Amino acid sequence: MRTSKTASLIQPIHMEVLVFKTNLHDKKQITAVTPHINNLNGISRWNVDLDDIDKVLRIESENLCARTVETTLQQAGYHCEELQ
């Protein structure tokens with residue numbers, strides 16, 4: 001039986017979901033932080049749940065440090081704290 005060299009080079013991507021409490025309260029603030037979040041490497045998807053009491057930011061990423069997200073939002077003028 002022959003195996004493909006290509007198949008052995010493909011590594012499964014491990015996506016991680018990071019969850020943060022924020023002080024984002026409306027779409028205007030989400031629009032303001034969008035370029036900051038989009039500039040972070042490794043993010044495949046993200047959203048903010050404005051209906052949640054904690055205004056939860058969820059990020060699906062590969063190899064992204066929670067502290068990097070917190071610092072990025074804080075530098076943009078918002079509070080962001082990882083939820084465990």
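Sequence positions, counted from 1, serve as the residue numbers for this chain. Any value given below was found using the heavy atoms of this structure, including those in side chains, with hydrogens, waters and symmetry copies removed. Please read all numbers here as calculations on a predicted model, not as lab measurements.
Sorted by first and then second residue, the pairs that involve residues 33-44 and meet side-chain hydrogen bond (donor to acceptor under 3.5 Å, both in side chains), not counting sequence neighbours, are Asn38-Trp46. Within the structure, salt bridge (charged side-chain N to carboxylate O under 4.0 Å, His left out) contacts touching residues 26-48 (residues at least two apart or in different chains) are Arg45-Glu60.
Listed here is the closest heavy atom pair of Ser61 and Leu18: OG-CD1, 4.0 Å. Heavy-atom minimum distance, Tyr78 versus Ala32: OH-CB, 3.9 Å.
No side-chain donor-acceptor contact under 3.5 Å links Asp54 to the backbone of Val56. Proximity of a side-chain donor or acceptor of Thr22 to a complementary backbone N or O of Lys55 within less than 3.5 Å is detected.
Once rounded to the nearest 0.5 Å, the distance linking CD of Glu82 with CD1 of Ile59 reads 10.0 Å. In this structure, CD1 on Ile37 lies 5.0 Å from CG on Leu57, to the nearest 0.5 angstrom. Separation of atoms CD (Glu70) and NZ (Lys21) is listed at 12.5 Å; rounding is to 0.5 Å. A distance of 4.5 Å separates OG1 in Thr72 from CG in Leu40, rounded to the nearest 0.5 Å. Taking SG of Cys65 as the start and CD of Glu16 as the end, the distance is 9.5 Å to the nearest 0.5 Å.
You'll find the side chain of Val33 stays beyond 4.5 Å of the side chain of Val48, heavy atoms only.
One hydrophobic cluster, built from ILVMFWY side chains closer than 4.5 Å, holds both Leu50 and Phe20.
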